[in-house]
Amino acid sequence: MMKKSSWLLLAALLLVCSCAQRIKMQVSNPGYQTDSVTAPVRVLSLNDTVPAEAVLIGTLKIGDNGFSKSGNLDTTLRLAREQAAKAGGNLVKITWHKAPSFASSCHRIKADIYRMDSLPPVKTHAVFDSLHFLNGESVIHLFRKFPLGAALSYDVKINDSVVTQARNNWAEEIVIPATGEVVIWASTENRAELKLILQAGYHYYIRCGMKYGIMVGRPKLEIVEPSVAKAEIEAIQQTAPDPDTDTDTEP
């Protein structure tokens, strides 16, 4: 009977270990630490900017213990928020993210933990999409609404390849493999560029605007908060001409 109980205890311990991810946290200011894991904590992605007034109080690493079976992104981010709350932080900035692979079925992250007196509205520049995540893809939304430079279009390039042409009253989705850091750029008399760290499953929104130049308009590329970008894209779609409509008239 005792032997059977020992085996059951060992099996239970193995099950607990197999369902847990490995967590390593370093706290630079223990005075903020608490036992609470329910305090609100905001998570910033790789491309988001930490507010200048945020105070760094620690670092966090969530990995694979070698037996983990449940390490989806929601679980990993929940653990990050709980650990940050224990440290007394209310802001987590992801600094490194490794998606599941042959070597591990878990999402693994490194992050910095910050504390702010109050959390202002922090803009996030990406939206997660599980379907594109499974395909190892990122989605880049490009758009332009404003009439400045309406007569001037320019090529938009990702690294060395032309992917589309920016023009007025236009919106387009580009689905590409999530290959890490890329440079999105355009040029007329001057060059404008953005560097993005593409993660599988994420949507990125970029406004391809114009600004005044000496001879011609200059491209202006901006990463835009998803809610703002979606509103602009909806407005474009409502006012853009139907591509199937022939506006030419017979002579």
Side-chain angles (χ1 to χ4, degrees), residues 44-54 91 93-97 112 114 120-129 132 136-243 245 247:
L44 300 181
S45 71
L46 286 168
N47 292 300
D48 290 330
T49 302
V50 177
E53 61 270 28
L91 192 67
K93 170 69 167 87
I94 307 298
T95 58
W96 178 85
H97 176 204
D112 291 332
Y114 291 87
V122 177
K123 296 179 180 180
T124 182
H125 296 133
V127 172
F128 185 73
D129 176 337
H132 287 291
E137 300 167 337
S138 296
V139 184
I140 299 176
H141 299 258
L142 304 167
F143 62 97
R144 178 167 146 198
K145 171 64 178 172
F146 301 108
L148 173 62
L152 180 64
S153 60
Y154 54 78
D155 290 337
V156 178
K157 298 182 180 181
I158 297 180
N159 295 333
D160 295 326
S161 301
V162 176
V163 293
T164 189
Q165 188 175 74
R167 52 199 178 273
N168 198 52
N169 221 32
W170 150 88
E172 187 172 344
E173 292 182 10
I174 307 293
V175 179
I176 64 172
T179 54
E181 184 173 286
V182 298
V183 177
I184 301 175
W185 62 282
S187 64
T188 53
E189 64 179 22
N190 284 86
R191 171 172 167 143
E193 69 174 45
L194 290 172
K195 290 184 179 180
L196 283 181
I197 301 175
L198 298 182
Q199 303 174 77
Y202 280 89
H203 291 240
Y204 304 90
Y205 295 83
I206 299 176
R207 183 188 293 125
C208 302
M210 296 292 299
K211 56 185 178 180
Y212 289 109
I214 298 174
M215 299 296 293
V216 295
R218 300 175 180 176
K220 181 180 180 181
L221 304 179
E222 302 173 89
I223 301 175
V224 182
E225 181 186 359
S227 60
V228 175
K230 288 178 180 180
E232 289 190 24
I233 291 172
E234 287 177 2
I236 291 170
Q237 292 171 340
Q238 290 172 2
T239 58
D242 187 342
T245 301
T247 58

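All figures in this text were calculated on a predicted structure; none of them were measured in a lab. FYI, side chains are in, hydrogens and waters are out, and symmetry mates aren't considered; it's all heavy atoms of this structure.
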What do the steps show when you test V163 against I184 for side-chain contact (heavy atoms from CB on, under 4.5 Å), and what is the final call?
CA-CA 10 Å; V163 293; I184 301 175; over 6 Å; no
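- In this structure, the side chain of D155 does not engage the main chain of Q165 through any donor-acceptor pair within 3.5 Å.
- The minimum heavy-atom distance between T188 and R218, with the atom names listed, is OG1-CA, 3.5 Å.
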Please lay out, stage by stage, how E172 and V156 fare under the test side-chain contact (heavy atoms from CB on, under 4.5 Å).
CA-CA 11 Å; E172 187 172 344; V156 178; over 6 Å; no
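- Here the CH2-CD1 distance, from W96 to I94, works out to 11.0 Å after rounding to the nearest 0.5 Å.
- When all heavy atoms are compared, the tightest approach of A178 to A200 is CB-N, 3.3 Å.
- In this structure, the side chain of Y204 engages the main chain of I197 through a donor-acceptor pair within 3.5 Å.
- H141 and Y205 have parallel rings, their planes meeting at less than 30° on a 0 to 90° scale where 60° marks the start of perpendicular.
- Contact check for M210 versus R144: side-chain heavy atoms found under the 4.5 Å cut-off.
- The structure places CD1 of I158 at 7.0 Å from CG of L142, a figure rounded to the nearest 0.5 Å.
- Within the 4.5 Å cutoff, no side-chain heavy atoms of V50 are placed close to those of D112.
- Atoms NE2 and CD, on H97 and Q199 in that order, are 6.0 Å from each other to the nearest 0.5 Å.
- Closest approach of P177 and L198 over heavy atoms only: O-CD1, 4.2 Å.
- Y154 and S187 make their closest contact through CB-O, 4.5 Å (heavy atoms, listed as atom of the first residue, atom of the second, distance).
- For the pair P219 and A192, the tightest heavy-atom approach, listed with the atom from each and the gap, is O-CB, 3.4 Å.
- The closest donor-acceptor contact from the side chain of S138 to the backbone of I176 lies at 3.5 Å or more, if one exists at all.
- Rounded to the nearest 0.5 angstrom, K220 NZ and C208 SG are separated by 12.5 Å.
- For the atom pair CG (L91) and CG (D48), the distance works out to 9.5 Å, reported to the nearest 0.5 Å.
- Atoms CD1 and CD, on I140 and E173 in that order, are 11.0 Å from each other to the nearest 0.5 Å.
- Remark: the backbone N or O of L194 is not paired with any side-chain donor or acceptor of W185 at under 3.5 angstrom.
- The shortest heavy-atom contact between L44 and P51 is CD1-CD, 4.3 Å.
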